[in-house]
Number of protein chains: 2
Amino acid sequence: MPLQPGLNLSEGALGPQVYKHMRDRIISGQITPGTRISETEIARHYEVSRQPVREAFFRLADAGLVQVLPQRGTLVRRISIRGVTDARFVREAIEADIARLVAEDPAPGTTERLADLIEQQAGVDGDAAAFIRLDEAFHHTLAQAADKTFAWRIVEEVKGQMDRVRFLSTRYLPTERLVDQHRAVLAAIEARDPDAASSAMRQHLRGVLSDLPEIARQVPEFFEPEG
Amino acid sequence: MPLQPGLNLSEGALGPQVYKHMRDRIISGQITPGTRISETEIARHYEVSRQPVREAFFRLADAGLVQVLPQRGTLVRRISIRGVTDARFVREAIEADIARLVAEDPAPGTTERLADLIEQQAGVDGDAAAFIRLDEAFHHTLAQAADKTFAWRIVEEVKGQMDRVRFLSTRYLPTERLVDQHRAVLAAIEARDPDAASSAMRQHLRGVLSDLPEIARQVPEFFEPEG
DNA sequence: TCAGGGCTACTAGTATTCAAGTTTGCGGGT
DNA sequence: ACCCGCAAACTTGAATACTAGTAGCCCTGA
């Protein structure tokens with residue numbers, strides 16, 4: 001008899017479950033930025049005690065998704081343009097090097113798997129969540145091919161900030177262009193051209209946020225007031 | 001009437017204080033890797049309740065410094081060669097790009113500050129902790145000059161694994177060579193040569209761990225058995 | 001009407017208690 | 001002497017109780 005909203009039961013610790021759930025809700029925009037949430041409120045919602053919720057909040061705060069104000073409350077951070085571009089910087093640095101490594105020596109089966117993912121992406125139409133999932137799979141596959149699972153953890157940690165923006169641009173996601181960019185990365189890898197792979201990845205990750213200013217203009221209430 | 005070992009009082013939350021303290025103790029090798037520690041034990045030691053200690057343990061686990069085994073105990077992770085090189089990979093990717101940015105457009109006063117730090121480093125003799133502190137200041141200054149404080153947070157998170165090794169090589173720290181590498185980075189920046197700055201940084205960060213295998217051979221009990 | 005002060009309701013931080021699972025060691029039986 | 005099994009003493013996970021501090025509201029007084 002767990003709970004009504006998501007689902008928690010005796011399969012694994014509660015803290016991480018709450019974290020994942022809250023993280024998804026924030027990144028996907030189900031919780032409006034600026035909303036004030038409280039530990040007790042969330043605890044009631046999931047029908048657990050404050051303890052696991054606190055753990056989740058810590059990690060969310062580390063990820064920059066919420067802001068804890070002692071004795072005052074916790075609120076969902078608005079998207080900071082600065083924060084998003086900073087996240088992109090880190091991600092670009094890491095993934096450019098990963099692409100380089102893969103191009104130098106691709107693990108067997110890598111190119112096939114990447115090509116398959118790209119095809120699936122080309123077939124997606126309109127479903128932003130599905131596309132983002134496939135996009136994540138593409139990048140994750142590259143990281144695995146380079147045998148850099150730890151680096152991928154860092155990327156994941158940072159990626160959330162970028163995905164928040166991408167969920168906002170649901171209808172405007174230029175999937176065509178993104179798929180082409182993935183193709184460019186794959187082509188460079190197949191050509192065993194590390195420099196090309198690296199720069200294709202950089203171009204891709206910069207392009208992902210090309211419409212950031214436009215989105216910030218359209219939904220200003222989701223964004224931190226400019227500094 | 002706080003406590004005997006470190007010091008905690010009514011200035012800030014206890015959790016972060018415990019985290020910092022434990023982190024330092026682990027990174028500097030004061031707690032032997034493989035040691036089993038328990039929340040209650042540490043709580044008694046700091047004369048606080050288990051709650052803040054738990055928070056600290058979470059973050060230490062995230063940083064890969066401890067391993068929490070439910071219902072069994074928590075133990076200080078041994079140094080994993082794989083983990084250290086993975087950390088270096090991430091750090092190299094980020095800091096190479098930072099060095100590139102700084103070389104493209106150094107903030108005013110940057111080169112002077114870097115030169116000053118290098119001089120201080122050259123003067124250090126034998127004191128590993130002091131040298132590591134100055135080394136950190138050098139890299140931190142670069143990050144600030146590139147206006148990448150967020151990226152620096154990631155670097156810090158990852159740096160711990162590398163510093164553990166460096167603390168072990170107290171006497172063998174080739175400070176001369178490291179200072180020279182810093183000079184190379186600075187020279188590239190002063191020459192406004194982004195490519196040179198980037199590759200000098202990469203070379204530096206790879207060199208830092210050149211004696212890693214040797215150290216692992218000398219103090220095998222600090223290291224994870226090879227996979 | 002407006003300004004000031006105190007009270008109340010709510011927040012997160014901390015401490016304490018309870019629960020569930022694992023390890024360890026002792027003791028009896030073979 | 002050895003092995004099996006049970007029980008007690010740990011461990012962390014979760015829930016509850018308590019503390020301290022903030023903010024906002026209402027009431028009072030001018």
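Here the structure is a predicted model, which means the values were calculated and not measured. In the text below, chain A, chain B and the rest are named by the order of the sequence lines, each starting its count at 1.
In this structure, A:Glu39 places its CD atom 14 Å from C1' of D:dT16, rounding to the nearest Å.
With hydrogens and angles ignored, the 3.5 Å screen pairs a side-chain donor or acceptor of B:Thr85 with a backbone N or O of B:Ile81.
In this structure, the ring of B:His45 has its center no less than 6.0 angstrom from the ring center of B:His21.
Looking at which nucleotide of DNA chain D each of B:Thr40 and A:Ser49 is closest to, the 5′-most match is held by B:Thr40.
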Measure all distances between protein nitrogen or oxygen atoms and nitrogen or oxygen atoms of nucleotides 21-23 of chain D, and list the pairs falling under 3.5 Å.
residue: D:dA23; atom: OP1; partner: A:Arg72; partner atom: NE; Å: 3.3

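Contact of the B:Met201 side chain with the B:Ile98 side chain is not registered, since no non-hydrogen atoms from C-beta on lie closer than 4.5 Å. A heavy-atom distance below 4.5 Å is not found between the side chains of B:Tyr46 and B:Gln17. Contact annotation: the side chain of A:Val155 never approaches that of A:His139 to less than 4.5 Å [non-hydrogen atoms, C-beta and beyond].
Contact check on B:Arg82 versus B:Asp86 returns a salt bridge, with a Lys/Arg side-chain nitrogen under 4.0 Å from an Asp/Glu carboxylate oxygen.
When heavy atoms are screened at a 4.0 angstrom cut-off, B:Gln51 is found touching base atoms of the nucleic acid. No contact: A:Leu75 has no heavy atom under 4.0 Å from any strand.
From the 5' end on, the contacts that DNA chain C makes with chain B at under 4.0 Å to a non-hydrogen atom open and close at C:dT14 to C:dT23.
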